[in-house]
Amino acid sequence: MVINGEDPTGTALVLAVAPVGKGRLTDAVSVLPALAAVPPSALTGTAAANLVELADPLDPQAVLTRLRAAVATPGTLSVYIAGQLHLDHKQRLPHLALARSTPSTLRYTALPWHWLAAELKLRRPGTTTVVVDLVAEAEAWQQLTADRAVLALGYGVRLYGRIAPPPARRTMAAPDYLKACAALWRSGARPPLAALHQQAAEQAAAQAVEHARTRGGALLLSVDAPVVVPGPLPQRTPTPLDRPAAGQAPPAADPHPAILAAAHAGRHAEATAAASAWEHEAVRAHGPGSPQAIHWLEVRADLARLAQDPGGSCELWMAVAHARLERQQTVDDPDVEGAVDRAHHQWEQLRDAARARALAPALIALRRRVPGRQRGAVQALQRRLERWHTAGTPGRAAAVPSQATAVPSRTTAQAPAARPPAPVAAPRPAVGPPAPR
């Protein structure tokens, strides 16, 4: 691990989960005792560390709560995941199965991988590392062997680990890769992440062969991201960073890191102005409603969230959803669902009764058109609107605020009992380069 000199405290989030019953392919939680014996600072590569452990959580909302709290912390963030991957039958997207997940309920009881990617892309590039020890069920394994890019976490996120095929019949896989990492750390060794990955992969492969746990070789992930420290945005317009000059080609430098850095530094007007300039250029070059223009609209929506303007963010995410629907994207497209879910979530953060009531009709109409994955989303929105009308102030937000509280130094958390989940932010990245199309 590389120690970040900017903040001496890092955060580690450890998630170990697999379905109960016959759907369980790996004994994911068996890695927790091994990792618990490791100093938390070894997990983060920092002088001090906070650690949160999630053991067999039941609800994707609970996992998202903890993930958002970790993402909001300063310093480095290291996420360790042991579990199993499945594809949902409708959209064929990878999901991390949780304790209650079954093939028929996967879309509602598992954690979509693109939710993880969307949250992590909000962090400053070069400060986030994800280490996985996963088993893929048969269909997911087939897709991953054809295109492992479906697990990409975006710009500036390191991704290391192992994905094993389904275990041999009547056997259970084990998180041998993460156990090997823990053993190396317990020995006092602190190798760089790339060297740790290589040693752990070799030991895990030997364990799998010795115990006949697998039918074939595993996929190894090794995606490194150099630390990027962007400079401040220029104070004049236009500039090559803000937008390309008229008649010139766009600059080679990616503007997203500098825009995100400005937002995190509290220069919200500056960041928004830069994103608006790039959106204007995208409209000029590619036309209104183009993927490039929509991308910058999404960037502006998330910048509004970072600026603590949930009303503005809600309006912009609704505009994103309408723009995508006008492009003939379907109501169950992950990008459309994600835009509506984010609009809904931002509306729930409002504390201005007049603003909430003004935005509600458009949001309810959009939510009826795009119900999303969370059952009862329209009814939840209407109930909350009724509380606004009767009480004049909102009750406690059903969704988790994006700026979460500090993470305790070491916490082992079990997901709370089932309750009607609130809509959450879904797939679409915000302040980051647009995905290839």
To the closest 0.5 Å, what do you measure between [atom1] ([X]) and [atom2] ([Y])?
X: Leu363; Y: Cys314; atom1: CG; atom2: SG; result: 5.0 Å
X: Ile81; Y: Leu178; atom1: CD1; atom2: CG; result: 9.5 Å
X: Arg342; Y: Met318; atom1: CZ; atom2: CE; result: 15.5 Å
X: Glu119; Y: Leu116; atom1: CD; atom2: CG; result: 8.5 Å
X: Glu298; Y: Leu316; atom1: CD; atom2: CG; result: 10.5 Å
X: Leu184; Y: Gln199; atom1: CG; atom2: CD; result: 5.0 Å

Would you find a donor on one side and an acceptor on the other, under 3.5 Å apart, between the side chain of [X] and the backbone of [Y]?
X: Arg100; Y: Thr109; answer: no
X: Trp185; Y: Val38; answer: no
X: Thr272; Y: Ala269; answer: no
X: Gln198; Y: Ala194; answer: no
X: Ser313; Y: Asp309; answer: no
X: Thr105; Y: Tyr108; answer: no
X: Arg66; Y: Leu54; answer: no
X: Asp56; Y: Ala18; answer: yes
X: Trp113; Y: Leu96; answer: no
X: Asp88; Y: Leu106; answer: no

I want to check something: taking the side chain as every heavy atom from C-beta on, are [X] and [Y] in contact at a cut-off of under 4.5 Å?
X: Leu77; Y: Arg123; result: yes
X: Arg158; Y: Thr128; result: no
X: Val31; Y: Asp133; result: no
X: Ile163; Y: Val135; result: no
X: Arg162; Y: Val132; result: no
X: Ser78; Y: Val131; result: no
X: Tyr160; Y: Tyr177; result: yes
X: Pro255; Y: Trp278; result: yes

(message) Using ring pair (Phe, Tyr, Trp, His ring centres under 6.0 Å), reason through His256 and Trp296 one step at a time and then give a plain yes or no.
(response) CA-CA 10 Å; His256 297 83; Trp296 284 105; 4.7 Å; yes

(request) Quick one: do Leu297 and Glu279 satisfy side chain to side chain contact (heavy atoms under 4.5 Å, CB included)? Show the steps, please. (result) CA-CA 7 Å; Leu297 187 61; Glu279 182 185 3; 3.8 Å; yes

Closest heavy-atom pair and its distance - [X], [Y]:
X: Ala12; Y: Leu43; result: CB-CB, 4.0 Å
X: Gln143; Y: Val150; result: OE1-CG2, 3.8 Å
X: Ser41; Y: Thr46; result: CB-O, 3.1 Å
X: Ala263; Y: Leu303; result: CB-CD2, 3.7 Å
X: Gln142; Y: Thr145; result: O-OG1, 2.8 Å
X: Leu15; Y: Pro57; result: CD1-CG, 3.6 Å

(request) Step through it carefully: locate the ring centre of His286, locate the ring centre of His295, and say whether they are under 6.0 Å apart. (result) no

(message) Do the side chains of Arg92 and Glu139 get close enough for a salt bridge, i.e. N-O under 4.0 angstrom?
(response) yes

(message) Check this for me: does any side-chain nitrogen of one of Arg324 and Glu337 sit under 4.0 Å from a carboxylate oxygen of the other?
(response) no

(message) My understanding is that only one of Thr129, Val71, Leu159 makes a side chain to side chain contact (heavy atoms under 4.5 Å, CB included) with Leu120; could you say which?
(response) Val71

(message) Testing Val79, Leu221, Leu151 one by one against Val130 for a side chain to side chain contact (heavy atoms under 4.5 Å, CB included), which residue passes?
(response) Val79

(request) Applying side chain to side chain contact (heavy atoms under 4.5 Å, CB included), run through Leu98 and Leu58 and close with a yes or a no. (result) CA-CA 6 Å; Leu98 301 184; Leu58 305 174; over 6 Å; no

(request) Take Val336 and Thr330 through the test side chain to side chain contact (heavy atoms under 4.5 Å, CB included) and record every step on the way to the result. (result) CA-CA 7 Å; Val336 176; Thr330 60; over 6 Å; no

(request) Show your working on salt bridge (Lys or Arg N to Asp or Glu O under 4.0 Å) between Asp341 and Arg367 and close with a plain yes or no. (result) CA-CA 8 Å; Asp341 285 346; Arg367 183 48 102 183; 2.7 Å; yes

(request) Compute whether any side-chain donor of one residue and acceptor of the other, for Gln91 and Arg107, lie under 3.5 angstrom apart. (result) yes

(message) Regarding Gln84 and His86, do their side chains bring together a donor and an acceptor under 3.5 Å, going by distance alone?
(response) yes

(message) Could you walk me through whether Thr76 and Thr44 satisfy the side chain to side chain donor-acceptor pair (under 3.5 Å) test, starting with their C-alpha distance in whole Å, then the side-chain angles of each, then the deciding distance to 0.1 Å, before giving a yes or no?
(response) CA-CA 7 Å; Thr76 61; Thr44 60; 5.0 Å; no

(message) I'd like to know whether Trp317 forms a side chain to side chain contact (heavy atoms under 4.5 Å, CB included) with His344, so could you lay out the CA-CA distance, the side-chain angles of the two residues, the decisive distance to 0.1 Å, and finally the verdict.
(response) CA-CA 9 Å; Trp317 279 117; His344 191 156; over 6 Å; no

(request) Show your working on salt bridge (Lys or Arg N to Asp or Glu O under 4.0 Å) between Glu315 and Arg355 and close with a plain yes or no. (result) CA-CA 11 Å; Glu315 287 184 294; Arg355 188 79 186 277; 2.7 Å; yes

